[in-house]
Amino acid sequence: MSDSSQAIVRPACSIQGLVRIPGDKSISHRYAMLAAIAQGTSRFHNFSAARDCLSTLDCMRQLGAQWRSEDGPNQDGAIEVTGIGPALKAPTAALDCGNSGSTIRMLSGIVAGQPFTTELFGDESLSRRPMARIMKPLSEMGATITASEGGRPPLKIRGGKLRAIHYKPEVASAQVKTCVLFAGLFANGETILEEPIRTRDHGELALQAFGVEVEQKKTDRGGHIASIRGGQPLHAIEAHVPGDLSSAAFFLCAAALFPGSHISLPGILMNPTRARLLDILTQMGLKLSVGHIEQHHGEIIGTIEARGEKWLGGVIAGADTAALIDEIPVLAAVAPYSENGLEVRDGKELRVKESDRIAAVATNLRKMGAEVEERPDGLRIPGRQALHGAELDSFADHRIAMAFAVAALRADGETLIQGADAAGVSYPSFFHDLSSLAQR
């Protein structure tokens, strides 16, 4: 392991200051894909600097779209994507999705509607992630898909004319929903996606921003239906990508560790399908306020002020687990410092993310001296524990690397994180920004 992939985190006594969070990954992915199949040039301010989103941009370039930025995507600059309409060009090589499950799953919906064969692959981590959840609906729509053993990448998709379907996924997933809706753009008739629990609606809002009509309604049993008619044209847009709330979660949890901490996070995404995190943090003891609220292309943006007081902990289960699937690693990493500890239930999905996040959290917390009970679908972590610095592993997972950088701030002694460069998958400047807030 080279030194460049290691990070040393030293204890802090408080978290203070202002940090501007890079653009939301979920929205950046969707904007880039839709801009590629729109007519004209779209311009995006604060486009995510994440390596995952670069993977999406490079895949769209191979499919015929163009994108440019003076300095490459960064949180202060803007990028332009020039689309070529719904008929993309056949790529001359397989599309490298890197570490990005969002790229391979959502882009599959677009290439399924193209009259050529596309191969999509990724790194070692992505090659272990299940793709059956998108293969099933796309096959029902008429695409021919082959995959490695267990329905894992690489995928080979022979696209063409698609037929509309009414699809009810067994597991609620915003990526699956977006994949099916994107494919629905290329289908004859109305494609309907009915999910058991409402997931993030960035796909629906992005489609509407580009001029596509998407109908949405609740079901009698608390689910959600989104439907789209095929053949609708997309037009280029200019948009500001809000700061990523999932990335903000690391700083909010850092502030929660130290009574008297005070941080300000301007321009953060406040989408109701994501903001459950703020409710949970408030219940767990963090003092939050939101101001300067605006709306851009259907997405709500605001400034979060957070103050640390008493960190209580709690229980995450059911719909909350689905809503907080990306934030659970950091909530679990700081749980030993809480009064009441944390219990996570209904989280089997955590086993098949960039790493097995249940096992990764348990392993690293135990290295820091914590008591942890690992369960098939979650964790139980008692509170009022004192942790010590240790040599930890990111497991090549960006959220594990960042979660334990936060946990290390209140540990006794230095913590060395191996594979810390994994943070660049979603937040290249994370360690710099965290250090700028840590008071010692």
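Note that the numbering runs from 1 along the sequence shown for the chain. Just so we're clear, the structure is a prediction, and the values are computed from it rather than from any experiment.
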Assess the side chains of Ser102 and Lys25: does a donor N or O sit below 3.5 Å from an acceptor N or O?
no

Ring centroid separation Tyr337 to Phe258 under 6.0 Å
no

Do the side chain of Gln385 and the main chain of Glu371 share a donor and acceptor less than 3.5 angstrom apart?
yes

Let me confirm one number: the OG1-CG distance from Thr191 to Leu162, rounded to the nearest 0.5 Å.
8.0 Å

Do the non-hydrogen side-chain atoms of Leu252 and Leu265 ever get within less than 4.5 Å of each other?
yes

Quick check: does any side chain N or O of Asn46 sit under 3.5 Å from a backbone N or O of Val241, one acting as donor and the other as acceptor?
yes

Is the backbone N or O of Gly211 less than 3.5 Å from a side-chain atom of Glu213, with the two atoms forming a donor-acceptor pair by type?
no

More than 12 heavy atoms of other groups within 6.0 Å of Glu373 CD:
yes

Within the side chain of Arg410, is there an N or O that forms a donor-acceptor pair under 3.5 Å with the backbone of Leu257?
yes

Any chance you could measure Leu269, atom CG, to His296, atom NE2, to the nearest 0.5 Å?
11.5 Å

Any donor-acceptor N/O pair, Ser338 side chain to Gly383 backbone, under 3.5 Å:
no

Could you tell me which non-hydrogen atom of Ala249 sits nearest to which non-hydrogen atom of Leu277, and how far apart they are?
CB-CD2, 3.7 Å

Under 3.5 Å donor-acceptor pairs involving side-chain atoms of residues 301-311, not counting sequence neighbours:
residue : atom : partner : partner atom : Å
Glu305  : OE1  : His262  : NE2          : 2.8
Glu305  : OE2  : Ser264  : OG           : 3.0

Answer yes if the side chains of Ser173 and Arg133 hold a donor-acceptor pair under 3.5 Å, and no otherwise.
no

Counting C-beta onward and ignoring hydrogens, is there a side-chain heavy-atom pair between Ile27 and Asn271 closer than 4.5 Å?
no

Do Leu245 and Asp24 make a side-chain contact, defined as non-hydrogen atoms from C-beta onward lying under 4.5 Å apart?
no

Mind listing the closest non-hydrogen atom pair of Ala401 and Phe431 along with its distance?
O-CZ, 4.2 Å

Any non-hydrogen side-chain atom of Thr219 less than 4.5 Å from a side-chain atom of Arg198?
no

Run the side-chain contact (heavy atoms from CB on, under 4.5 Å) check on Phe44 and Val81 step by step: do they pass?
CA-CA 8 Å; Phe44 305 123; Val81 181; 4.0 Å; yes

Closest heavy-atom pair, Gln208 versus Val214, reported as atoms and distance to 0.1 Å, is NE2-O, 3.2 Å

Is there a donor in the side chain of Asp244 and an acceptor in the side chain of Tyr427, or the other way round, less than 3.5 Å apart?
no

Within a radius of less than 6.0 Å around NZ of Lys367, do more than 12 heavy atoms belonging to other residues, nucleotides or ligands occur?
yes

For Phe250 and Val406, the nearest pair of non-hydrogen atoms, with its separation, is O-CG2, 3.5 Å

Answer yes if the side chains of Ser125 and Asp123 hold a donor-acceptor pair under 3.5 Å, and no otherwise.
no

Which value, rounded to the nearest 0.5 Å, describes the distance between Met368 atom CE and Thr363 atom OG1?
13.5 Å

What's the spacing between Asp52 CG and Glu354 CD if we round to 0.5 Å?
7.0 Å

Is any NZ, NE, NH1 or NH2 atom of the basic residue among Glu343 and Arg380 found under 4.0 Å from an Asp or Glu carboxylate oxygen of the other?
no

Minimal heavy-atom distance between Ile15 and Ser261, with the atoms involved, is N-OG, 3.0 Å

Drop me the distance from Thr103's OG1 to Leu120's CG, to the nearest 0.5 angstrom.
9.5 Å

Spell out, as yes or no, whether a donor-acceptor pair under 3.5 Å connects the side chain of Ser28 to the backbone of Ser48.
yes

Does a donor on one side chain and an acceptor on the other come within less than 3.5 Å for Ser246 and Glu327?
yes

Are the side chains of Arg200 and Thr178 in touch, meaning some heavy atoms are under 4.5 Å apart?
no

Arg152 side chain vs Arg128 backbone, donor-acceptor pair below 3.5 Å:
yes

N/O donor-acceptor pair under 3.5 Å between Arg163 side chain and Glu140 backbone:
yes

Is any side-chain heavy atom of Leu379 closer than 4.5 Å to one of Leu350?
no

Do NZ/NE/NH1/NH2 and the carboxylate oxygens of Lys353 and Asp397 come within less than 4.0 Å?
no

Check whether the side chains of Ser426 and His398 place a donor and an acceptor atom closer than 3.5 Å, and report yes or no.
yes

Between Arg351 and Glu374, is there a side-chain N and carboxylate O pair less than 4.0 Å apart?
yes

If every non-hydrogen atom of Ser42 is compared with every non-hydrogen atom of Phe210, which pair is closest and at what distance?
OG-CE2, 3.7 Å

For residues Glu190 and Ser227, is any side-chain donor paired with an opposing acceptor at under 3.5 Å?
yes

In Å, rounded to the nearest 0.5 Å, how long is the span from CG of Asp201 to CG of Leu207?
11.0 Å

Using atom types as modelled and distance alone, determine if a side-chain donor or acceptor of Asp377 lies under 3.5 Å from a backbone N or O of Asp346.
yes

Applying side-chain contact (heavy atoms from CB on, under 4.5 Å) to Met131 and Leu126, what does each step give before you reach the verdict?
CA-CA 10 Å; Met131 295 294 142; Leu126 186 61; 4.3 Å; yes

So, does Asn340 use its side chain to make a donor-acceptor pair with the main chain of Leu312 at under 3.5 Å?
yes

